[in-house]
Amino acid sequence: MDFTIISHVKKNEFTPTDEWAVQSNEEHNQGVANWAGLFAGEFDCADWGKVIGLLHDKGKEKKDFQNYIRKISGYDPNAPNWKDKTHAYVGALLAQKYYGCLSVFLSNPIMGHHAGLYDYGDFETQMKLPLPLEINSEWQNINLAVPSHLSSLNAFDFHHFVRLLYSCLVDADFLDTERFMNEGNAALRGQKDDLQQLSVKLESYLTALAIKSIDSPVNRIRNIIQKKCLEKSKETPGFYSLTVPTGGGKTISSLVWAINHAKEFHKKRIIIAIPYTSIIVQTAEVLRNIFGEENVLEHHSNTDFDDIADAELKLKMKLATENWDYPIIVTTNVQLFESMFSNKPSACRKLHNLCNSVLILDEVQTLPLEYLQPIVDGLKTFQRCFGTTVLFTTASLPALKGDCKGSGLAMLNGIKDIYEIIPGSLCLHDKLRRTNLYFDKERSDYDTIARRLSQYDRVLCIVNTRKDAQEIYSRLPDEGITLHLSRMMCPKHLSETIALVKKLLKDENCKIIRVIATQLIEAGVDIDFPVVFRQEAGLDSILQAAGRCNREGKLAMGTTYVFKLHRPLPLGYISNSVDAQTTLLQTQPDADWFAPETMRSFFVQLYSRTQNFDKADIRTLLYKPRELCFKTAALNFHLIENEGKGIIVNYDDSLSLVEELKQKGPNYLLMKRLGQYMVHVHDRDFNMLLHGGFAEEIIRGVYVMSDRDQYSEKLGLIVENHWLDEILIK
């Protein structure tokens, strides 16, 4: 048995059982250095990437690690036992030895390339470990020059630079290991179309669309918007906004700008972040029709690769979710921003592909206020330091430009310059106005709202809570088609119901269709009702709801009513938004509610009621360059609070997937598919269902409610005990 310093070892396929393939540590470190240098070169730090690649696994030279890998793999069953196989700290110590003060950027990524980036206290403890005697400390000195654009990092830039080096290292480590251990998967990570090729496909699509489109006022405006996007795409990288009212063709126009901007400034990919999975599915479908399925990666919690017939393409897309190595990515705000503040290899691996890219943030007004400061700071860092151009797209641009005062001492330090693509002189809010807004002065009960809705054959009603949706729905007359939409329905049920609504609205024989929904239908869902009711909310939500009214402009003018219920509003964002809206109504009763300047006034009012723009305390945890707390910050930064529990419900074929889970255990794709049948409930309701025997834990942390009577085809999950109701009837 030879004594090569082993990094990885595997049995050779299609050869006798005693044949082994060995990847030496030198080969692996050099391979990782090549990848990491390539990735870090996107922000002019290729040598930094090479250094962390060459050092990251130096610790595998330890005798203990060599004994471990030989014995555990079966390569040398007679190898001595090991005591301590840890190895990442060794490269971190060597980085400190060779690079002095610059090692503050290098050592934490090296030490955390398996476990995750450390808090500075734990990191310093690890750095006190002695350097093992058997380590070869000879080093080919690689001079690390600091690029000019990184020579004066702000306090809030520093942690992103460290995390990006970490991203380059962990992706390089995964890829080089995969190349040796699983050549089949590695081969699937081939070349996709570049932005030049995608531009040709977009041009072909737009040409075909123009031939099919009728000459209408709305389509003429959409063409004007596209031309402005094409003109502005040649302007210098920075922050841009595309503020277009609902129905103005924002998705296609933003692509025209992004593709041409990427071509002009040699950007590598386009990443589109969207707040809601319903919009993602819709947007991704549009993009696949334009650019082909092989060029568009849809990455979110409900992604189901089983819909892809081509087995090779299915695996390619699964692999691409790991590092976003696709020309066009469509993902969620949660996936994007939680990765930007994560400390884990799996989440951070993709981050270096944000560099030298175009990032489109759709429906930007939905960014959570309590996390807005670190999000804005992160975007500023990626734009200034790492070559990311950012485009905000919305019908309701929030007050992100400049500073904005919050409640008490709170202050949002915004973006200095955001360049609007569409000039105000076009007055799009006037030209695309398709509905009138009417605000109720008096409060109403559920019965009153139900009676008002019943006066219309085709009407949409949007409310703030699941309870409000169920209460109004239950009071509507049993005539025509009445549908309910809320998060008490699992994602698959929701998507099917939304598809049904769209189909019914196109059916002239369907005279009566009334839909009661929560805010999930408010943004990005292309439906068109002549009348819309919206429960009181912030102006941004009201205008989103109004965007579902007379969307295609078939009427001279639609009607949108804003009503108030007797029931108190939930405390927090909704109540603050309503307070801000009420103040606007009182102080600007004659305001044009569709005008951009009115929207800015609303957000200024809303921000003034916000007590904290940094709920995760990122300023304390990550803005002190010598006291970086990566792990704690990652634990704190969650855009969706982990309140309540998810339960798999009995809908469609969910129980067959549950049986597969019981028999085979969890895997990535199976859990993704099960996510299509999961409903999240509050802790109180979850405990009631669990203690009542309706929810069962089938594997650790995974709960199923198999009783079909607890899931309604109309309302979704029923948290009340239906057995108790039947007993009382008897």
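Since we're looking at a predicted model, the values are computed, not measured. Residue numbers count from 1 along this sequence.
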Identify every side-chain donor-acceptor pair in residues 408-415 under 3.5 Å, counting partners at least two apart or on other chains, and give the distances.
none

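- Between the R434 side chain and the L555 main chain, no donor and acceptor come within less than 3.5 Å of each other.
- When side chains are defined from C-beta on, E363 counts as touching Q544, because their heavy atoms get closer than 4.5 Å.
- Listed by first then second residue, pairs satisfying ring pair (Phe, Tyr, Trp, His ring centres under 6.0 Å) with a partner in residues 457-486 read Y473-H484, not counting sequence neighbours.
- Atom NZ of K431 has more than 12 heavy atoms from other residues, nucleotides or ligands within 6.0 Å.
- For the residue pair N550 and R433, no side-chain donor N or O sits within less than 3.5 Å of a side-chain acceptor on the partner.
- Remark: the D362 side chain and the T393 side chain contain an N/O donor-acceptor pair separated by less than 3.5 Å.
- A distance-only check finds no donor-acceptor pair linking the side chain of T598 to the backbone of F594 [under 3.5 Å].
- Checked against the 6.0 Å centroid threshold, Y607 and F613 count as a close aromatic pair.
- V459 has its side chain out of reach of Y561: every pair of non-hydrogen atoms, C-beta onward, lies at least 4.5 Å apart.
- Here the closest non-hydrogen pair linking R487 and T518 is N-OG1, 4.3 Å.
- For T394 and Q365, the side-chain atoms include at least one donor-acceptor pair closer than 3.5 Å.
- Taking a cutoff of 4.0 Å between a charged side-chain nitrogen and a carboxylate oxygen, D440 and K564 do not qualify as a salt bridge.
- Judged purely by atom type and a 3.5 angstrom limit, R600 has no side-chain atom pairing as donor or acceptor with the backbone of P596.
- For the pair E264 (side chain) and K234 (backbone), a donor-acceptor distance under 3.5 Å is absent.
- At least one side-chain heavy atom of L476 sits less than 4.5 Å from a side-chain heavy atom of S454.
- A salt bridge is defined here as a Lys NZ or Arg NE, NH1 or NH2 lying under 4.0 Å from an Asp or Glu carboxylate O, and E298 with R288 meets this definition.
- In summary, the side chains of R451 and Q455 do not present any donor paired with an acceptor at a separation below 3.5 Å, with no hydrogens or angles considered.
- Residue V681 comes nearest to R466 through the heavy atom pair CA-NH1, 4.4 Å, listed as atom of the first residue, atom of the second, then distance.
- In this structure, the side chain of N219 does not engage the main chain of D215 through any donor-acceptor pair within 3.5 Å.
- A cation-pi arrangement, defined by a distance under 6.0 Å to the six-membered ring centre and an angle within 45 degrees of its axis, is absent between R452 and F533.
- Side-chain atoms of K511 come within 3.5 Å of backbone atoms of E508 as a donor-acceptor pair (strictly under, hydrogens ignored).
- Side-chain contact between L367 and F337 is present, with heavy atoms from C-beta onward closer than 4.5 Å.
- The main-chain N or O of L569 is never found under 3.5 Å from a side-chain atom of N464 such that the two would form a donor-acceptor pair.
- For the residue pair D579 and T582, no side-chain donor N or O sits within less than 3.5 Å of a side-chain acceptor on the partner.
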Exercise. Under the salt bridge (Lys or Arg N to Asp or Glu O under 4.0 Å) criterion, do K227 and E231 qualify, and how do the steps go?
Worked result: CA-CA 6 Å; K227 288 177 182 177; E231 290 172 15; over 6 Å; no
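- With no hydrogens or angles considered, no side-chain donor-acceptor pair links R222 and S213 at under 3.5 Å.
- Residues that satisfy the ring-ring contact (aromatic ring centres under 6.0 Å, His included) test with F265, not counting sequence neighbours, are H261.
- Here the closest non-hydrogen pair linking R548 and L460 is CB-CD2, 3.7 Å.
- Looking only at distances, a side-chain donor or acceptor of Y371 sits under 3.5 Å from a matching main-chain atom of H638.
- In terms of heavy-atom proximity, L198 sits nearest to F291 at O-CE2, 3.3 Å.
- Between the side chains of E285 and N289, no donor-acceptor pair of N or O atoms lies under 3.5 Å.
- S241 and E420 share a side-chain donor-acceptor pair at under 3.5 Å.
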